Structures are given as C-alpha cells and as structure tokens.
Amino acid sequence: MQISDFDFDLPRENIALEPARPRDSARLLRVAAGQPLAETRISDLPGLLEPGDLLIANDTAVIRAQLAARRGEAKIGITLDRILSDGSWHALAKNARKLKPGDTLHFGTDPVTAEVVENEGDGAISMRFSAEGEAFDDFLKRAGVLALPPYIDRPTGPTMQDDSDYATIFERHKGAVAAPTAGLHFTPDLLAALDARGVKRHTLTLHVGAGTFLPVRDEIASHKMHAEWGRIDTRTAQLINDTRASGRKIVAVGTTSLRLLESAADEHGIVHPWEGETSIFIKPGYRFRAVDRLMTNFHLPRSTLFMLVCALAGTEAMRDAYRHAIAQGFRFYSYGDACLLDRAP
C-alpha cells in the first residue's frame, strides 16, 4: 500500500465550517457491500438499526487544550495531548527546540506555570503544571482555547458558538483535545427515537489526542500512531459480549470508539475491561474482532482515519462512496455529514 492509494481531491466548498442545525438533520450515506449507496438523514438512524443492536459512543469531553506560553522572551505555542500516569502532560509545542528540562513556562499573567520535564524531539514535550484538579480545570478555562482542526477557518480563533458546537451529548470525562465528531450529530430527540426502537446504547472513554491532526508523512508500514488513553468498564464489556452472543450488532459511533473496542478485544472477539493507552493503527488487511458497523464523518485524504474506514468497508467501496459524497455536495470533516458503514465480508 502507498499513501497515494488513499488520496483524493476535495473542493473547499465541501468542508463544513459549522454543524447542521439541528444536528440530526445532517446527511447520512449508507454504505453496505452488495447494495447501492443510499442517502438519508441522521434522524433516520433508528430505522437503519435493529432492536437489540448496541450503539457504543465515546463520552470524552474536550478541554481547551491550546495555550500561549513564554519562556523568557521566547513564544511557545502549546497543544496539550494527553495526561500521563504521573500527572504530567504530554504536549506538542511550537519552537520546542528552545526548551530543555527544568525550564519554566508562563501563561501571560496567570499564576499557574508549567515546568518542562522532557524534550522528546520532533515537537513533543512533557510538562508538569503547578495546578491540579479543579484548579487546573479553571486555569484551562482562563488561559486555554479549543484546538479546533486547522480546516475550520476561524481567523480570530474559536468562537463562543464553537464551545457549544464542538461538544457531544455524551460527554462526561474531560481530557480530549479533539471532539469524537460522529457524536456531534446526536440530539435528545434522536436518543429518544433510538430507545423507542429498542436499540441499546452505552459509552466508553477515549481521550482523543493532538496526534489526530497529524498527517501520515512516511511510508504506511513505518507510520506510528500517537498513543491515546482509554477506558472500558466491566459492565460495558459484558454488555458488548452479551449483545454479540445474542446475534445482534455492535455499532461504533466514531473511529475513536471503534479503535478502543478493537484494542480491548481478544482474538476470539471477546471484549475485556480496559484502562490504558492504545496506539492501534487500523488499515486495510486488518481483521475486525469487535465491531460490526460504524457511524463516522467523512475524513481527510491520506489520513489514518480514511485508511481505517477502507479497512472496514473495503477500499474501492469507500473510494466510490467518497466520490459520490463529493459530487452530491456532502459536507466533510468535523462539522460535516456522516456515513454508516457495514463491515465488509
């Protein structure tokens, strides 16, 4: 496989700069092997699932992960990536070459500071803040801004509307840099309709890291994914296994949910409770063990996420689906429309 195998041209007018309103009015493209592509709406999702199917969504909550720091006179742009087991933070930094262990970073006039623990090279650092818990959360509210994807054009930075738009109905646990964007489509009315249909739903947690924005620069075989922290509790794992044993389908809401489910599944497809970091890279040739269907947005060309959907539904099927979506004016990326994919035989 070559990176060029996963390339395509996307007109700028297909990039969504804000979500559909209401959220469940976004378009949905149905992709299933042996069936023609079918266009519908997110609000029609309950009718596309069967009673007893299990919908698994990501309940992570986005933090204001982008910070403007100074070390002396040097300006250092910081994007928090993930919290580490010792309470320090892994981050991506602009001008990181200027940093060395022991350096103190200041954030304007805010009393909270950070100490550089390690400079890992290639723009990656670890750092420890002088505040923890609620005090740290308050600091991010004061000093941080949303790390919106670069394709969402905000010349003056994220807006107050983005604070609301870039949050899912499922969010419970703070720690993500980027939103699990398939979850952005869900509304109270849609959840009520799923319940009425008899579709079960549950959540897991995967804190989406800053690495989700990074392109594949090298050969696919040598590409390394950034680690992300996730958790599946015992009850959720048991519900997943019981659903599969009953012959019903596991439907992942978003690639983040899918990646954690596949990380926690053994070779027999049994999902186990999980807590820790995953850097799983799913590309064509991967044999899925835990997920039957995926609801996901339309992804960037040459990205690991486009490779993932090609692995699930078939590369040619996804190329055809994306060509159709572009021609029919579907909206792409974080605030865009979605597709519902069946796992190819």
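As a basis for the values below, the full set of heavy atoms in this structure was taken, side chains included, without hydrogen atoms, waters or symmetry mates. As the structure is a computational prediction, the values presented were derived from the model and not from experiment.
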message: If the condition is side-chain contact (heavy atoms from CB on, under 4.5 Å), which residues does Arg30 pass it with, not counting sequence neighbours?
response: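 Here the qualifying residues are Ala32, Ala38, Leu48, Arg293, Leu340, Asp342.
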What do you reckon, is [atom1] of [X] surrounded by more than 12 foreign heavy atoms closer than 6.0 Å?
| X | atom1 | value |
| --- | --- | --- |
| Asp9 | CG | no |
| Arg21 | CZ | yes |
| Glu267 | CD | no |
| Glu134 | CD | no |

Rounded to the nearest 0.5 Å, what separates atom [atom1] in [X] from atom [atom2] in [Y]?
| X | Y | atom1 | atom2 | value |
| --- | --- | --- | --- | --- |
| Lys174 | Arg64 | NZ | CZ | 10.5 Å |
| Arg231 | Asp59 | CZ | CG | 9.5 Å |
| Glu228 | Arg82 | CD | CZ | 8.5 Å |
| Leu305 | Thr255 | CG | OG1 | 4.5 Å |

So which heavy atom on [X] is nearest to which on [Y], and how close?
| X | Y | result |
| --- | --- | --- |
| Pro273 | Ala237 | N-CB, 3.9 Å |
| Ala325 | Asn14 | O-ND2, 4.1 Å |
| Leu37 | Asp320 | CD1-O, 4.1 Å |
| Ala57 | Ser257 | C-OG, 3.5 Å |
| Gly209 | Asp81 | CA-OD1, 3.2 Å |
| Thr278 | Arg259 | O-NH2, 4.2 Å |

task: Begin with the C-alpha distance, continue with both residues' side-chain angles, and end with the deciding distance and a verdict on ring-ring contact (aromatic ring centres under 6.0 Å, His included) for Phe330 and Tyr322.
output: CA-CA 9 Å; Phe330 275 70; Tyr322 272 48; over 10 Å; no
Has [X] got a side-chain atom pairing as donor or acceptor with [Y]'s backbone, closer than 3.5 angstrom?
| X | Y | value |
| --- | --- | --- |
| Asn119 | Ala96 | yes |
| Glu277 | Gly230 | no |
| Asp337 | Leu28 | no |
| Asn95 | Lys98 | no |

Enumerate the residue pairs fulfilling salt bridge (charged side-chain N to carboxylate O under 4.0 Å, His left out) with a member in [range], sequence neighbours excluded, ordered by first and then second residue.
| range | value |
| --- | --- |
| residues 120-133 | Asp86-Arg128 |
| residues 102-115 | Arg71-Asp103, Lys100-Asp103, Asp110-Arg142 |
| residues 44-58 | Glu50-Arg197 |

Hey, are the side chains of [X] and [Y] touching, using non-hydrogen atoms and a 4.5 Å cut-off?
| X | Y | answer |
| --- | --- | --- |
| Val208 | Val177 | no |
| Val199 | Pro46 | no |
| Phe186 | Ile42 | no |
| Phe6 | Met1 | yes |
| Ile56 | Val253 | no |
| Cys339 | Thr296 | yes |
| His207 | Thr205 | yes |
| Asn297 | Phe332 | no |

query: Apart from Val112 itself, what residues make up its hydrophobic cluster when side-chain heavy atoms of I, L, V, M, F, W and Y under 4.5 Å apart count as a link, directly or indirectly?
result: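 Once heavy-atom contacts under 4.5 Å are chained together, Val112 belongs with Ile63, Leu67, Ile76, Ile78, Leu80, Ile83, Trp89, Leu99, Leu105, Phe107, Val116, Ile125, Met127, Phe129, Phe136, Phe139, Leu140.
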task: May I ask you to list the residues sharing a hydrophobic cluster with Leu84, side-chain cutoff 4.5 Å, ordered by chain and number?
output: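 Listed partners: none, Leu84 stands alone.
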task: Check whether the ring centres of Tyr333 and His299 lie less than 6.0 Å apart, and answer yes or no.
output: no
- request: Kindly indicate, with the supporting measurements, whether the criterion side chain to side chain contact (heavy atoms under 4.5 Å, CB included) is fulfilled by Lys249 and Leu49.
  value: CA-CA 9 Å; Lys249 288 181 167 50; Leu49 306 179; over 6 Å; no
ILVMFWY cluster, Val291 and Val251 together (side-chain gap under 4.5 Å):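 No.
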- prompt: Shared ILVMFWY cluster between Val309 and Leu55, side chains joined below 4.5 angstrom?
  reply: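 Different clusters.
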- prompt: Does the cation-pi check pass for Lys283 over Phe281, that is, NZ or CZ under 6.0 Å from the six-membered ring centre and within 45° of its axis?
  reply: yes
Test log, rule side chain to side chain contact (heavy atoms under 4.5 Å, CB included), inputs Trp229 and Leu206: CA-CA 6 Å; Trp229 184 91; Leu206 184 73; over 6 Å; no
Determine whether the side chains of [X] and [Y] contain a donor N or O and an acceptor N or O closer than 3.5 Å.
| X | Y | value |
| --- | --- | --- |
| Asp162 | Thr159 | yes |
| Tyr335 | Thr181 | no |
| His90 | Ser126 | no |
| Thr113 | His106 | no |
| Ser43 | Asp24 | no |

message: Is there a side chain to side chain contact (heavy atoms under 4.5 Å, CB included) between Leu300 and Phe306? Walk through the geometry before answering.
response: CA-CA 7 Å; Leu300 279 75; Phe306 185 55; over 6 Å; no
Ile240/Ile270 under side chain to side chain contact (heavy atoms under 4.5 Å, CB included): CA gap, chis, key distance, verdict: CA-CA 8 Å; Ile240 292 166; Ile270 303 299; over 6 Å; no
